[in-house]
Amino acid sequence: ALLHRAGTLGLIDATRAEQVSKVYRELRLIQHNMRLNIEGPCRVPPESVEVAPVLGLWGDVLEQR
């Protein structure tokens with residue numbers, strides 16, 4: 001919700017905010033399924049989630065400083 005709001009207010013790119021929100025939801029779904037299947041610590045391998053939008057947003061935010 002915060003990413004969406006930041007995108008709507010123009011603090012970050014709205015398209016990027018939606019992409020990062022999608023990545024977050026995917027990550028949480030994987031973690032949720034791991035917990036349901038009692039798979040121990042919920043460590044998600046980096047290759048399981050597309051991190052490019054997150055890294056892009058991180059770069060955008062740091063460049064604005």
Please determine whether residues V61 and Y24 belong to a single hydrophobic cluster, defined as Ile, Leu, Val, Met, Phe, Trp and Tyr linked transitively by side-chain heavy-atom distances below 4.5 Å. no
side-chain hydrogen bond (donor to acceptor under 3.5 Å, both in side chains) between R28 and Q31, worked out: CA-CA 5 Å; R28 297 298 294 156; Q31 289 176 325; 2.7 Å; yes
May I ask you to check whether over 12 heavy atoms, not counting those of L36, lie within 6.0 Å of atom CG? yes
Distance col, row I12:CD1 vs D60:CG, nearest 0.5 angstrom, shows 8.5 Å
Considering all heavy atoms of both residues, which atom of A17 and which atom of G7 are nearest to each other, and what is their separation? CB-CA, 4.3 Å
Show every donor-acceptor pair shorter than 3.5 Å between a side-chain atom in residues 48-59 and any protein atom, with sequence neighbours excluded, or say none if there are none.
from : atom 1 : to  : atom 2 : distance (Å)
S48  : OG     : P45 : O      : 3.3
E50  : OE2    : A52 : N      : 3.2

Single-linkage hydrophobic cluster, 4.5 Å side-chain cutoff, L3 and L29 together: no
For R25, check salt bridge (Lys or Arg N to Asp or Glu O under 4.0 Å) against everything at least two apart and list the hits. E18
Could you tell me whether R35 atom CZ has more than 12 heavy atoms of other residues or ligands within 6.0 Å of it? yes
